[in-house]
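So that the names make sense, note that chain A is the first sequence line, chain B the second, and so on, each numbered from 1.
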2 protein chains.
Amino acid sequence: MKAGNPSSKRKPQAVRPPGRPAGRTLRDGVLADRETLLTAAERLIREAGTGVSLEAIATEAGVTKPILYRGVGDRHALVYALAERLAQRMAVEVERDVAAASSTEDALRRLVAGYLQHARAERNLYLYVTAGVTGDGQLEQSLLLADRTAQQFAAGIAAFRSTHGADPEVATVWSFGLVGALHYVTLWWLREETADQAVVTEHLTDLLWSGMKLEPAGGPKAD
Amino acid sequence: MKAGNPSSKRKPQAVRPPGRPAGRTLRDGVLADRETLLTAAERLIREAGTGVSLEAIATEAGVTKPILYRGVGDRHALVYALAERLAQRMAVEVERDVAAASSTEDALRRLVAGYLQHARAERNLYLYVTAGVTGDGQLEQSLLLADRTAQQFAAGIAAFRSTHGADPEVATVWSFGLVGALHYVTLWWLREETADQAVVTEHLTDLLWSGMKLEPAGGPKAD
DNA sequence: ATTTTTAATTACTCATGGTAGATTCGGTGG
DNA sequence: CCACCGAATCTACCATGAGTAATTAAAAAT
């Protein structure tokens, strides 16, 4: 049509292949919704590891970078969104297991086991999300998954401890401590392929439950 | 040894005079030893934050990038070296406090308090070192400081628990759990400027000592 | 049918990690 | 004494990736 005359083009040096049209093609932003983009990101990270670029993610989603940016924001926002989704899924699955617990200690054990299990199942995604971002928002980033997870614990712990007269801030501290312990043991466990999950679960549960107390009520059961 | 003479710091100019030299000038790799480079890196990170580039670090040290690479290796190696130094310093200071403890629980409390204290004093450096590196060596990186710190705990815990017949792997798991809890609570505390260090210390100590046990020996002491 | 608006692609800028090639200095042999 | 060679260093470059403009085509409006 009218675009056949490039004489007034301002970029004469940029020659693009004749068969490759620039600009708007089909696919009118219909399947570029946030959910689709995030799902594609998860898919690629799962199979290609944590080193994927935003461009690669966009390509995986069948879109280009600006579309990805419009849909989910910058890298920080992407990691945040993925963290929320992963935390949500983990929470649902873990809570289902925890619901069947026979005691509070058993609930903790199921929580630990479920966390380890899910982290390994989603290894790459878990690492991608917890890796954080080096830079300014780093502090925020590191606490991203922790915040999300800790909120859930906080409510439980607060309720759990409310009958004992503890001040509410203890719930927050304990939540982050719990998440940190879980996370670091998980990282170690993901690295050490040899350690048995059941044993690790038992030890970590033991730590969190009875602490370093010299004389636990029932004696140390880890052996 | 470190007859450091940083007063004669030399900044590379962007433009060089016509007959004037690229290539070798004076300074025959004498003050570009590893220690000097690492110290300069620490200095810059402390004052400029965690977002400093390797080029900036090299400039701070009065050298150029290749010299920095020859001295300490790539970014990964730099972070690793800084982590070791920081962990070493923290360990020394904390252990001095712990040595004066009146009981095992008091030792743990002093450990927690010292960790928090030092982390805040070295805030930027602590964040830089614990941030890790996104990419392939990510898992290694995340566990960097943890490894270093956990080894020290492991020995103590192993000895501590050996009289109770626990298997040795429990020491490792507990170490990483302990470090993870410390780290995440520290991150949270560094973000929340409001929380009082003494209170946080008490809560975290409480968690690690008596765990989530329903009935701690003396009731909750967080008041 | 022509113009305007919208939305997508391309292509760029900028910053940074890492490296190679150019360049000079200091010693050593002729 | 002079030239050359090895060693060490600086400049300049490459590669990659985040983020954003400039460009272009399709769809809606007139």
Name the closest nucleotide to the [X] side chain, picking from [options].
| X | options | result |
| --- | --- | --- |
| B/Asp74 | C/dG18, C/dT16, D/dG17 | C/dG18 |
| B/Leu54 | C/dG18, C/dT19, D/dA21 | C/dG18 |
| A/Ile67 | D/dT20, C/dT19, C/dA8 | C/dA8 |
| A/Ser53 | D/dT11, C/dT16, D/dA18 | D/dA18 |
| A/Thr64 | C/dG18, C/dT9, D/dA18 | C/dT9 |

Gap between atoms [atom1] and [atom2], on [X] and [N] respectively (whole Å):
| X | N | atom1 | atom2 | answer |
| --- | --- | --- | --- | --- |
| B/Lys65 | C/dA15 | NZ | P | 13 Å |
| B/Tyr69 | D/dC10 | OH | P | 15 Å |
| B/Arg75 | C/dT19 | CZ | P | 14 Å |
| A/Glu55 | D/dT16 | CD | C1' | 11 Å |
| A/Leu68 | D/dT20 | CG | C1' | 14 Å |

Looking at A/Glu55, I'd like to know if its CD atom is crowded, meaning that more than 12 non-hydrogen atoms belonging to other residues, nucleotides or ligands lie closer than 6.0 Å.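 Count not over threshold, so no.
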Is any side-chain heavy atom of [Y] closer than 4.5 Å to one of [X]?
| X | Y | result |
| --- | --- | --- |
| B/Val200 | B/Val185 | yes |
| B/Ile57 | B/Leu78 | yes |
| A/Leu187 | A/Leu127 | yes |

Would you tell me if any nitrogen or oxygen in the side chain of A/Arg70 comes within less than 4.0 Å of OP1 or OP2 on D/dT20?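 No.
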